[in-house]
Amino acid sequence: MPARSIEQVRNLCKRRGFVFPGSAAYGGLGSFWDYGPLGVEMLGNVKRAWWRDVVYKRDDVEGLDAAILMSRKVWQHSGHEATFSDPLVDNKKTGKRYRLDHLLEAQPQRVLGELLAHINFASMPLTKLVNIAPQSVGDVDYTMNPLGAIGHLAAMLIESRMHHVSTDRLVRWLAPILVVYPERELAINKAGVIDPSTQEVGEWTNPRNFNLMFQTHIGPVVRAAGSEEELAARAYLRPETAQGIFMNFAHVQRSLARKVPFGIAQVGKAFRNEITPGNFIFRTREFEQMEIEFFIKPPQFVREGEKNDAQWHDEWIKQRYEWWMGLGIDEARLRKREQSADELAHYSKRTVDLEYLFPEFGWGEVEGIANRTDYDLSAHSRDIPAEDLARLKLEPNADSVEKFDYFDPDAKARYIPWVIEPSAGATRAMLAFLCEAYHEELTKEPPTAEVDAIKAEIPAVIKNAQKKQKDAEKEADSAQRKHDPAAIEAFCAALEEAAARLPQSLLEIDALLSEHSGAQNLEPVKKLQPKVNKLAEDCARVVLKLHPALAPIKLAVFPLKKNKPELVDIARRIAQTYQPHFRTVYDDSAGIGRLYRRQDEVGTPWCVTVDFQTLEDNTVTVRERDSMQQQRISLEALREHFFTRLHV
RNA sequence: GCGGGUGUAGCUCAGUGGUAGAGCAUCACGUUGCCAACGUGAUGGUCGUGGGUUCGAGUCCCAUCACCCGCUCCA
């Protein structure tokens, strides 16, 4: 059974030195995390496992480590500066928050018309309108007259002649207007904008603009915000590592004389001013990515027998899926999910997400494999033909001095390659592997008397719960029900079934009693739960069943008794033998049983114990983490034993 | 930003207006021949912060800060 809650994993991480809250001495800084001695090992192992798989094992991928700070121009032309700023608005009544454009898209046309009618466009500064208004409406060119464009739109909407303008296009203009319009709060509320969650008119706050990229400035001089000097000096911390790869496409291709198809892999930090960080290290504002941009021929140059973009995409999806499985993720908790058209990023033709089933919050993306076409390399190139600009919805790039094209000796043609992008979260991967590896196991037979006492109390719990279930069923209006009868019924059934399997099911019962939020309020449960929990903790061990390649410590060496210098000496010597090759620790700070449990908890796959027999025949016990089995191995054979298992 | 929750020892948490507590962890000494052993002792606290009520506040009141969970986002 993997982790039941993120809380369990978070606690273990803090207690055992994987992950600590950041800036803790000053009360913490929301959702920034520091990686402790074991965390840095494990995260490093995740990254190494990935690098081995996508760089070392292949003939067609090279590595790269680009700068984190990149010119503002990169992010303007990649589209991030525009798309990473989302206006948000809250409904004070329901507490729901929406992206303004999503909210407007969910409105009936009538409300959008009302909204336009309530905006006095003449009161808005013309300079702002110029940036927002469409250049044409229908057949009429409004380049010189943005006010006219808005007025035209408003008139059409009010007269319900919507066939000229689709809702989503209209929303794209309306949303930015509502962010800068001085009386926007009034307008939204007067127009009666509806909350999609309740289908009732909401009580809305001011839409506020959010920029998801972290800004900084190159050079120590302080400049006025928004000034020309400030904009010129502005840089962003990369929100994805991918753009660093695109910037270096030509460098890598030329310096290593690479032919398409080939890929560039990069591991590194990325930064996003997430609106809602949370779920431990799942969504943080500083995180680490493992990304590949795999460059391939554009469809029109693909010849008979060669893979096209769709086939390369499928192949990478398969490859990456297998990587996760190979490191111990169970099939039941890893899935591929096709992104729907409306959630595709601005650069993507098709994206398939790999999602892990996390405890508590459920399916969460750990990797996205996107077909980015030739969008990015074109966006950063000058002299792109007009038809390609139109196809990719790009503006001509006058800032760039490069054209990221490639002469293909096979096709005898010059083209801008397409790209398949497998992009995984390294920090998320670590969390997924930790959740997957977390196990609680019964290691001792609980005393019969205590088990019987628990058994005896369970019927009372079930009876009490069933009474609550009947009460809930009496309440006809399901919205008024305090409890969900179906949930109670399921709880009772599970509890009854588990009770019959005591004592083996002790941990399941502990989980049942402490997890059902409704159950915790039952009086008999309040009495029973601490008893069960105590007994469960006494008779169980926590073990991280990590793949050895991911385990932060590979080997721990103990003397059976720490006050026997002859055992201590040998144990220390064994540890020192392996320390240069892989993470090995020596420990004698507790009794042998406790030492084993400590290593179980951090996922150390093997422990070596030096005992009195060692003095006679030079053998030690090697104890395996998952099975807890021991075997005697001679000191000479240890090297072979571990090196083959760890692929050193 | 809105709603909910939590702040007491390194960790997990008790604490009824009247001397600041437990378990675990840590350290010392003794004991201990393989799966969270035991005994004795010790270390460790501005009870998140600032005000107020009171003879007296961890506890009641007000304010404030931080973190956690949920809401958008998506590696």
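Just so we're on the same page: letters track the sequence lines, and every chain starts at 1.
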I'd like the [atom1] distance from [M] over to [N], given in whole Å.
| N | M | atom1 | value |
| --- | --- | --- | --- |
| B:G44 | B:A20 | C1' | 13 Å |
| B:C73 | B:A36 | P | 49 Å |
| B:G48 | B:G10 | P | 13 Å |
| B:A14 | B:A75 | P | 40 Å |
| B:G23 | B:C62 | P | 36 Å |
| B:G56 | B:U43 | P | 32 Å |
| B:U16 | B:A66 | P | 29 Å |
| B:G15 | B:U59 | C1' | 9 Å |

| said: So, using side-chain hydrogen bond (donor to acceptor under 3.5 Å, both in side chains) as the criterion, who are the partners of A:Y356 when residues are at least two apart? | reply: A:E436
| request: Taking side-chain hydrogen bond (donor to acceptor under 3.5 Å, both in side chains) as the test, write out the residues that go with A:E616, two or more places apart. | output: none
Among [options], which is the nearest nucleotide to the side chain of [X]?
| X | options | result |
| --- | --- | --- |
| A:W33 | B:C11, B:C68, B:C74 | B:C68 |
| A:R428 | B:G70, B:G33, B:C74 | B:C74 |
| A:N563 | B:C74, B:A75, B:U32 | B:U32 |

| remark: Between A:I6 and A:G364, the residue closer to the 5' end of RNA chain B by nearest nucleotide is A:I6
[N] pairs with, by Watson-Crick or G-U criteria that keep both distances under 3.5 Å:
| N | answer |
| --- | --- |
| B:G1 | B:C71 |
| B:G33 | none |
| B:U40 | B:A28 |
| B:G7 | B:C65 |
| B:C13 | B:G21 |

[atom1] of [X] versus [atom2] of [N]: gap in Å, rounded?
| X | N | atom1 | atom2 | result |
| --- | --- | --- | --- | --- |
| A:L567 | B:G33 | CG | C1' | 10 Å |
| A:F271 | B:A75 | CZ | C1' | 14 Å |
| A:I281 | B:C74 | CD1 | C1' | 16 Å |
| A:R285 | B:C74 | CZ | C1' | 15 Å |
| A:F361 | B:C68 | CZ | C1' | 14 Å |
| A:H80 | B:C73 | NE2 | P | 15 Å |
| A:W363 | B:C73 | CH2 | C1' | 20 Å |
| A:I317 | B:A75 | CD1 | P | 15 Å |

At 4.0 Å (heavy atoms only), tell me whether [X] reaches a base, stays on the sugar-phosphate, or touches nothing.
| X | answer |
| --- | --- |
| A:F282 | base |
| A:R10 | sugar-phosphate |
| A:T241 | nothing |
| A:F280 | sugar-phosphate |
| A:Q289 | sugar-phosphate |
| A:E274 | base |

| request: Scan for salt bridge (charged side-chain N to carboxylate O under 4.0 Å, His left out) pairs involving residues 345-362 of chain A, sequence neighbours excluded, and state none if there are none. | output: A:D309-A:K349, A:D314-A:R350, A:R335-A:E355, A:R337-A:D353, A:R337-A:E355, A:E338-A:R350
| said: Taking ring pair (Phe, Tyr, Trp, His ring centres under 6.0 Å) as the cut-off, I'd like each qualifying pair that reaches into residues 608-633 of chain A, sequence neighbours left out, listed once. | reply: none
Under 3.5 Å, which N/O atoms of the protein pair with N/O atoms of nucleotides 34-42 of chain B?
unit_1 : atom_1 : unit_2 : atom_2 : d
B:C34  : O2     : A:Y596 : OH     : 2.7
B:C34  : O2     : A:Q630 : OE1    : 3.2
B:C34  : O2     : A:Q630 : NE2    : 3.0
B:C34  : N3     : A:T621 : OG1    : 3.2
B:C34  : N3     : A:Q630 : OE1    : 3.3
B:C34  : N4     : A:D611 : OD2    : 2.7
B:C34  : N4     : A:T621 : OG1    : 2.9
B:C35  : O3'    : A:R597 : NH2    : 3.4
B:C35  : O2'    : A:R597 : NH2    : 2.8
B:C35  : O2     : A:R623 : NH2    : 3.0
B:C35  : N3     : A:R623 : NE     : 3.0
B:C35  : N3     : A:R623 : NH2    : 3.4
B:C35  : N4     : A:M628 : O      : 2.9
B:C35  : N4     : A:Q630 : NE2    : 3.0
B:A37  : OP1    : A:R594 : NH2    : 3.1

| Is A:R272 close enough and on-axis enough to A:F287, meaning under 6.0 Å and within 45°, for cation-pi? | no
Donor-acceptor pairs under 3.5 angstrom involving side-chain atoms of residues 10-20 of chain A: please list them, not counting sequence neighbours.
unit_1 : atom_1 : unit_2 : atom_2 : d
A:R10  : NE     : A:E7   : OE1    : 3.3
A:R10  : NH2    : A:E7   : OE1    : 3.3
A:R15  : NH2    : A:E601 : OE2    : 2.3
A:R16  : NH1    : A:R598 : O      : 3.2
A:R16  : NH1    : A:E601 : OE1    : 2.9

| said: Show, in sequence, the C-alpha distance, side-chain angles and deciding distance for A:F214 and A:Y236, and conclude whether the ring-ring contact (aromatic ring centres under 6.0 Å, His included) test is met. | reply: CA-CA 6 Å; A:F214 281 93; A:Y236 293 112; over 10 Å; no
| Will you find, in the side chains of A:S589 and A:D587, an N or O donor that is under 3.5 Å from an N or O acceptor? | yes
| query | Distance only, no hydrogens: is a donor on one side chain within 3.5 Å (strictly under) of an acceptor on the other, for A:Y375 and A:S78? | reply | no
| said: Using the rule side-chain contact (heavy atoms from CB on, under 4.5 Å), only one of A:E288, A:K269, A:E286 pairs with A:T427; which is it? | reply: A:E288
